[in-house]
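None of these values were measured; they are calculated from a predicted model.
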4 protein chains.
Amino acid sequence: MNKNQPKDMDKKRRLFEAAARLFAEKGFEKTTVDEIAEAAEVAKGTVYYHFKGKEELFLFLVEEGMAILMRRIAATLKNGMDCRVSLKKLIQVQLEFFAEYWDVCRIVLAEAWGTSTRQEKLQELLNEYYAIVGRIMEQGIRERVIRPQDKEVLCTALFGMTVLVALHFLQKSGPVDWARIEEQLETLFFRGVVIDTGNGKLL
Amino acid sequence: MNKNQPKDMDKKRRLFEAAARLFAEKGFEKTTVDEIAEAAEVAKGTVYYHFKGKEELFLFLVEEGMAILMRRIAATLKNGMDCRVSLKKLIQVQLEFFAEYWDVCRIVLAEAWGTSTRQEKLQELLNEYYAIVGRIMEQGIRERVIRPQDKEVLCTALFGMTVLVALHFLQKSGPVDWARIEEQLETLFFRGVVIDTGNGKLL
Amino acid sequence: MNKNQPKDMDKKRRLFEAAARLFAEKGFEKTTVDEIAEAAEVAKGTVYYHFKGKEELFLFLVEEGMAILMRRIAATLKNGMDCRVSLKKLIQVQLEFFAEYWDVCRIVLAEAWGTSTRQEKLQELLNEYYAIVGRIMEQGIRERVIRPQDKEVLCTALFGMTVLVALHFLQKSGPVDWARIEEQLETLFFRGVVIDTGNGKLL
Amino acid sequence: MNKNQPKDMDKKRRLFEAAARLFAEKGFEKTTVDEIAEAAEVAKGTVYYHFKGKEELFLFLVEEGMAILMRRIAATLKNGMDCRVSLKKLIQVQLEFFAEYWDVCRIVLAEAWGTSTRQEKLQELLNEYYAIVGRIMEQGIRERVIRPQDKEVLCTALFGMTVLVALHFLQKSGPVDWARIEEQLETLFFRGVVIDTGNGKLL
DNA sequence: CATGAATGAGATTTCATTCAT
DNA sequence: CATGAATGAAATCTCATTCAT
């Protein structure tokens with residue numbers, strides 16, 4: 001038995017990847033355990049050997065994904081950083097993550113909006129994320145760099161624009177110019193869409 | 001023969017309303033046809049008399065919802081309107097719609113991110129919406145009111161921030177101060193988060 | 001209201017024809033009342049206006065068909081006819097009938113072999129037919145023209161060969177040379193397949 | 001681990017046997033999957049574990065049945081056999097098979113006359129059978145033992161008489177004298193019904 | 001470690017028939 | 001005469017989970 005053949009390679013990882021792809025493509029409910037096992041090229045029983053059930057596999061998936069995002073954010077943000085730099089880097093890290101973990105991202109978007117246990121868990125994970133971003137916003141407002149506004153609006157708006165833009169471009173086939181998108185999102189989030197007339201009036 | 005008695009009210013409509021409520025409350029998959037029939041106070045067979053199946057009922061729902069949004073947008077935007085006013089009203093109509101048709105929106109949001117046939121239909125509807133918003137952006141850019149940027153980024157970003165903010169607040173129980181949210185989104189989208197220092201530099 | 005338009009023409013007859021075609025194509029159970037009504041271009045309720053139910057429509061169909069066959073046979077056979085002529089004419093009439101009422105014929109073949117009420121009724125009709133043919137055979141045996149054999153075997157064998165041959169050629173597309181088939185069946189039934197060696201031995 | 005206990009006996013085989021019995025007793029449509037599962041002493045889900053659905057179970061059944069008939073025919077016919085012996089044995093094997101597999105035969109007979117996909121499969125199997133019989137007829141005609149006639153007429157006529165006679169007697173309750181029927185069918189097929197007058201004239 | 005046959009609760013769907021108009 | 005919306009009993013099928021090997 002050659003343990004180095006792809007077939008022998010970590011069945012748990014294969015399950016993880018197959019599940020991520022399928023949940024993203026068809027949603028949690030429409031994806032069957034049979035399909036996951038088949039896509040991962042393991043027997044159905046193996047799913048239940050590694051995970052307590054479909055639900056646990058799902059949570060494992062999402063938690064892993066969010067943990068990765070969190071680690072990346074933590075690695076990027078330094079104490080004492082200018083909040084504008086923090087936000088700039090945050091957008092950058094987010095776009096990178098969304099592009100790399102497209103599947104996890106779609107899963108979160110698709111499954112976060114109900115009231116089941118699973119969905120509450122997702123909300124929790126999102127809230128953890130909002131907490132981090134919220135602290136940056138607070139700092140900015142304290143330092144009078146950011147317009148004093150409702151933190152929750154700012155966090156969810158930033159997340160919403162970033163994630164939907166990323167998803168939109170990933171759904172289209174063809175190469176994506178991430179640098180350009182990042183720059184435009186940054187400008188949009190920092191300065192808005194309206195060209196400054198210099199007279200302080202928007203309209 | 002009083003056609004206005006609740007019991008005489010079009011059973012199809014009753015089904016529509018029951019389904020919208022239940023799908024939003026519990027999601028498409030978790031809602032059973034039995035429940036829909038019971039909530040609509042019709043026999044189970046009646047669901048299949050009016051709709052080819054659960055799936056078709058769902059699509060009917062989503063199309064109706066999007067049609068309502070489109071009609072509201074069309075009724076609000078006038079030719080020759082300043083594009084800033086148009087955008088302002090767009091945000092307003094969207095938030096209103098999200099709040100009023102939370103249930104349908106949640107369905108759309110939860111089902112729009114995959115790649116199956118059902119989801120393609122939703123993508124199509126979203127693209128129609130983007131087309132309308134895109135025209136406003138183009139006008140603004142032409143009139144040098146809006147910073148020249150990628151239309152697609154602007155449209156999806158606007159939709160993303162609006163929808164995720166709305167969803168976030170609707171998820172939390174308790175009353176929502178929509179006027180405040182609307183104002184903040186407007187400010188954010190028009191002027192960005194960074195306080196203008198007057199010297200033209202962001203950082 | 002022009003009563004002469006095809007659409008207004010005898011709805012009962014239209015139902016009859018649609019049902020015959022559909023029962024023959026798909027069998028009794030697989031054919032739905034909706035389909036019959038649609039094919040006949042009448043409302044579903046109309047089926048129940050003219051017939052007590054699906055079962056009755058079926059029986060009406062088969063009885064009509066068998067009655068036609070019986071009438072044709074009665075019109076062809078004369079008292080005092082040579083039994084060989086009778087049998088010749090019987091084969092002829094049968095082939096004609098099978099070709100003309102292919103549908104009814106397929107229905108009988110497909111639905112006669114169970115134990116439900118419907119199928120017992122069919123058996124009854126077949127037995128009426130066998131009775132007539134049986135009388136010819138009896139006469140032939142009495143007159144020492146026909147080899148004395150079990151009447152039931154002779155009747156069912158004659159019916160079996162005629163109906164399956166007819167069906168086989170009707171199922172193939174393209175024109176059928178009925179005269180040739182009739183002649184061959186006659187030879188086969190009268191003289192068998194083996195060429196007479198004149199020495200009285202078959203083998 | 002005694003594999004020979006009835007309970008250990010392949011559940012797929014138990015399903016097969018239960019289905020064959022029930023389909024023949026009550027017909028395909030009237031037999032429910034619940035009944036089949038109950039008769040086979042397995043859970044309903046087990047039916048769907050082994051077969052894609054009721055339809056597939058049915059086809060599996062018919063194919064098995066036809067395969068048995070084909071094997072029996074192949075085992076009986078030897079190369080170089082006199083074609084009269086071949087035909088004699090063919091009738092014998094067919095009658096034996098019809099008597100033994102009455103249930104499967106009834107299914108085939110009841111379902112073979114339509115034009116749907118299911119029925120096309122049956123037509124295919126019948127054509128295979130006709131091909132074998134056809135070769136015997138050809139041989140006989142070449143050897144001037146069989147009256148030169150349309151092969152198709154001979155094959156379908158032989159099948160038709162055999163099957164309808166068998167069915168007729170199986171339908172009646174009570175014991176059947178198969179030897180007598182076989183002998184009569186043989187005489188009929190070989191020599192026809194008319195007593196040879198020696199003068200070469202039929203009429 | 002891993003398997004896959006087996007399960008059964010519960011879902012979706014079908015369809016002959018009824019009935020008010 | 002004819003309709004077609006409505007019904008509900010009964011059917012088919014799905015699928016997460018278990019468990020003996």
Among [options], find the nucleotide with the atom closest to the side chain of [X].
{"X": "B/Thr32", "options": "E/dC1, F/dT12, E/dT12", "value": "E/dT12"}
{"X": "C/Asp34", "options": "E/dG8, E/dA16, F/dA11", "value": "E/dA16"}
{"X": "A/Ala43", "options": "E/dT3, E/dT12, F/dT3", "value": "E/dT3"}

Using a cut-off of strictly less than 4.0 Å, decide whether [X] has a side-chain nitrogen or oxygen near OP1 or OP2 of [N].
{"X": "C/His50", "N": "F/dA2", "value": "yes"}
{"X": "D/Lys11", "N": "E/dT7", "value": "yes"}
{"X": "D/Tyr48", "N": "F/dC13", "value": "yes"}

For this session: Would you kindly say whether D/Gln171 and C/Gln123 are connected by a side-chain donor-acceptor distance under 3.5 Å?
Result: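 Yes, a side-chain donor-acceptor pair sits under 3.5 Å.
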Exercise. Distance only, no hydrogens: is a donor on one side chain within 3.5 Å (strictly under) of an acceptor on the other, for A/Thr117 and A/Glu120?
Worked result: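 Side chains of A/Thr117 and A/Glu120: no pair found under 3.5 Å.
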Problem set entry | Contact summary for B/Phe60 and B/Lys12, nearest pair of heavy atoms |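 Of all heavy-atom pairs spanning B/Phe60 and B/Lys12, the closest is CZ-CE, 4.0 Å.
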Exercise. Could you walk me through whether D/Arg21 and D/Glu25 pass the salt bridge (Lys or Arg N to Asp or Glu O under 4.0 Å) check?
Worked result: CA-CA 6 Å; D/Arg21 184 162 54 74; D/Glu25 265 171 29; 3.7 Å; yes
For [X], answer base if it contacts any base atom (sugar-phosphate contacts may also be present), sugar-phosphate if it contacts only those atoms, and nothing otherwise; contact means non-hydrogen atoms under 4.0 Å.
{"X": "C/Thr46", "result": "base"}
{"X": "C/Val47", "result": "nothing"}
{"X": "A/Gly53", "result": "sugar-phosphate"}

Exercise. Can you say whether the rings of C/Phe23 and C/Phe58 are parallel (under 30°), tilted (30 to 60°) or perpendicular (over 60°)?
Worked result: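 The arrangement is perpendicular - the two ring planes meet at more than 60°.
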Length of the [atom1]-[atom2] vector between [X] and [N], whole Å:
{"X": "C/Glu56", "N": "E/dT17", "atom1": "CD", "atom2": "P", "value": "10 Å"}
{"X": "A/Arg13", "N": "E/dA2", "atom1": "CZ", "atom2": "P", "value": "15 Å"}
{"X": "A/Phe51", "N": "F/dA16", "atom1": "CZ", "atom2": "C1'", "value": "16 Å"}
{"X": "D/Glu29", "N": "F/dA10", "atom1": "CD", "atom2": "P", "value": "17 Å"}
{"X": "D/Lys44", "N": "F/dA10", "atom1": "NZ", "atom2": "P", "value": "13 Å"}
{"X": "B/Lys54", "N": "E/dG10", "atom1": "NZ", "atom2": "P", "value": "15 Å"}
{"X": "A/Asp10", "N": "E/dA2", "atom1": "CG", "atom2": "C1'", "value": "14 Å"}
{"X": "B/Lys52", "N": "E/dT14", "atom1": "NZ", "atom2": "P", "value": "10 Å"}

For this session: Verify, without hydrogens or angle tests, whether B/Lys26 (side chain) and B/Thr32 (backbone) share a donor-acceptor contact under 3.5 angstrom.
Result: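 No, the answer is negative, given that no donor and acceptor are paired below the 3.5 Å cut-off.
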Exercise. Between A/Glu111 (side chain) and A/Phe28 (backbone), is there a donor-acceptor pair under 3.5 Å?
Worked result: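 Indeed, once roles are kept as given, a pair shorter than 3.5 Å links the two residues.
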Problem set entry | Other residues, nucleotides, ligands: >12 heavy atoms within 6.0 Å of D/Glu38 CD |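 It does not: D/Glu38 CD has 12 such atoms or fewer within range.
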For this session: Name the residue closer to the 5' end of DNA chain E, choosing between D/Val42 and B/Gly45 according to the nucleotide with the nearest heavy atom.
Result: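 Its nearest nucleotide lies further toward 5', so the answer is D/Val42.
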Exercise. According to a 3.5 Å limit on both distances, what stems of 3 or more consecutive Watson-Crick or G-U pairs are formed with DNA chain E?
Worked result: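 So the stems come out as E:2-21 with F:2-21.
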